[in-house]
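If you read the sequence from its start, that first residue is 1, and numbering goes on from there.
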Amino acid sequence: MDTIVSNRFADHRVVVTGASRDFGRTLAIRFAQEGAEVFLSARTLAGAQKVQDEIRALGHASVHAFACDLTDPASIRDFAAKVTGVTDRIDILINNAARWLQGTDLLSASDDDVVDTIASGAIGTVLTTKNFLPLLLASDHPDIVTMVSTCGVGGFDRSSAHDAFYAAKHAQAGFSDILSKRLRDKGVRVISLYPPDFRNTDPLSDAWGSAPRTPNDMLTSQSLSECVLFAVGQPRDCFIKSFHFEQV
């Protein structure tokens, strides 16, 4: 697959958390293909560097890799400080990273697993946004995108996720909701996505262009990533607050 699909985000600098695998990796690659300068983080530096190397192999040099453990406030501060040493602004912050925890029985997870899940999804999102806000406010087109989940929607109970994951996602939803109001007068758009389970196809594979996308099929990472690109590509009078999706 060619690296540059278009240059519509050539003037954008994008931070993606949890970019070493799954949908975070997908978003990192897609923004790079659209010309953006991308700043990747993962819990381990090796994980972020692997995706950095994949993107550079496509001929896109404007990519940077960092380690960031979202359960550790000092690690988040260090991540933001290192990015600040590279750039004077960030245009898009994508809060993608959050630990998944399986299990419909509250007693099925250890206390440490519960703490790690809520810390990465809830506290990690708040502190990452807080520490990158100065760089976002230096942009003339700042956006904050948070990958929440249908687990963050009131009354939703169709996931096999653990109760702690639900708690983390409701925290993200509440944070994004108030932030969208409080940052509006500063020109910062806060966009939340609430997808159900979806099929995440490797954007560098042949399957990317052939995944089934009919009304009867599961939501795809292709469609989900296009929603993100669409929202942040809108004129600045267009504040898309959230995307909600029907579950098959």
Whether D113 side chain and A109 backbone form a donor-acceptor pair below 3.5 Å: no
Step-by-step side-chain contact (heavy atoms from CB on, under 4.5 Å) determination, Q49 to Q52: CA-CA 5 Å; Q49 287 175 331; Q52 178 188 53; 4.0 Å; yes
Donor-acceptor side-chain pairing of N96 and T17 below 3.5 angstrom: no
I118 CD1 to L101 CG distance, which is reported to the nearest 0.5 Å: 9.5 Å
Side-chain (D22) to main-chain (G24) donor-acceptor, under 3.5 angstrom: no
Close side-chain approach of L93 and L135, heavy atoms under 4.5 Å: no
Whether over 12 other heavy atoms sit under 6.0 Å from D206 CG: no
Passing option when I94 is tested against L193, V145, T146 for side chain to side chain contact (heavy atoms under 4.5 Å, CB included): V145
Stepwise side-chain contact (heavy atoms from CB on, under 4.5 Å) test for V228 and L27: CA-CA 9 Å; V228 175; L27 284 177; 4.2 Å; yes
Donor-acceptor contact below 3.5 Å, side chain S225 vs main chain Q222: yes
Side-chain donor-acceptor contact under 3.5 Å, T214 with D217: yes
Presence of salt bridge, E54 and K50, under 4.0 angstrom: no
Residues that H170 engages under ring pair (Phe, Tyr, Trp, His ring centres under 6.0 Å), provided they are two or more places apart: none
Stepwise side-chain contact (heavy atoms from CB on, under 4.5 Å) test for V63 and R56: CA-CA 7 Å; V63 56; R56 287 181 174 171; 3.5 Å; yes
Distance-only side-chain donor-acceptor flag, R213 / S223, under 3.5 Å: yes
4.5 Å side-chain heavy-atom contact, E246 and L219: no
Residues in side-chain contact (heavy atoms from CB on, under 4.5 Å) contact with T44, at least two apart in sequence or another chain: A46
Flag side-chain contact, heavy atom, 4.5 Å: R30 against Q33: yes
Verdict with reasoning, Y194 to C151, per side-chain contact (heavy atoms from CB on, under 4.5 Å): CA-CA 8 Å; Y194 295 83; C151 292; over 6 Å; no
Over all atoms of both residues, closest heavy-atom pair of M147 and K169: O-NZ, 3.1 Å
Heavy-atom side-chain contact between V114 and S110 under 4.5 Å: no
Row check, F165 ring normal vs R99 NZ/CZ: under 6.0 Å, within 45°: no
F239 side chain reached by I191 side chain, heavy atoms, under 4.5 Å: no
Plane angle bin for H141 and H12 - parallel if under 30°, tilted between 30 and 60°, otherwise perpendicular: tilted
Which atom of L70 lies closest to which atom of A97, heavy atoms considered: CD1-CB, 3.3 Å
Single-linkage hydrophobic cluster, 4.5 Å side-chain cutoff, F66 and L40 together: no
Common cluster, V51/L204, ILVMFWY with side-chain heavy-atom separation under 4.5 Å: yes
Carboxylate-amine/guanidinium contact D88 R13, below 4.0 Å: yes
Over all atoms of both residues, closest heavy-atom pair of G35 and N7: CA-OD1, 4.3 Å
Working for side chain to side chain donor-acceptor pair (under 3.5 Å), residues D69 and T71: CA-CA 5 Å; D69 182 349; T71 68; 2.7 Å; yes
Minimal non-hydrogen separation, S221 against N200, with atom names: CB-OD1, 3.1 Å
Validation row: L224, F245 side chains within 4.5 angstrom (heavy atoms): yes
Side-chain donor or acceptor of Q102 paired with backbone N/O of A161 under 3.5 Å: no
From CA spacing to verdict: side chain to side chain donor-acceptor pair (under 3.5 Å), T125, N95: CA-CA 6 Å; T125 295; N95 290 311; 4.9 Å; no
Pair T150, Q247: side-chain N/O donor-acceptor within cut-off below 3.5 Å: no
Carboxylate-amine/guanidinium proximity below 4.0 Å for R25 and D202: yes
Hphob cluster co-occupancy, F9 + I240, side-chain heavy atoms under 4.5 angstrom: yes
Sub-4.5 Å side-chain heavy-atom contact between C68 and I76: yes
Considering all heavy atoms, the nearest P203-T26 contact: CD-OG1, 3.7 Å
Exam field: side chain H60 to backbone E37, donor-acceptor pair closer than 3.5 Å: no
Any T129 side-chain heavy atom under 4.5 Å of F175 side chain: yes
Residues D177, K241: salt bridge by 4.0 Å N-O rule: yes
Any donor-acceptor N/O pair, R43 side chain to A67 backbone, under 3.5 Å: no
Electrostatic pair D143:R236 at N-O distance under 4.0 angstrom: yes
Flag if over 12 foreign heavy atoms under 6.0 Å of CZ, R8: yes
Hydrophobic cluster identity match, V15 and V126, side-chain contacts under 4.5 Å: yes
L183 CG to L133 CG distance, which is reported to the nearest 0.5 Å: 6.0 Å
Over all atoms of both residues, closest heavy-atom pair of S176 and S192: CB-OG, 3.1 Å
Straight-line distance of D140 CG to D11 CG, nearest 0.5 Å: 8.0 Å
Cluster link F132 to F39, ILVMFWY, side chain under 4.5 Å: yes
Parallel, tilted or perpendicular: ring planes of F198 versus F23, cut at 30 and 60 degrees: perpendicular
Heavy atoms of other groups near D105 CG, more than 12 under 6.0 Å: yes
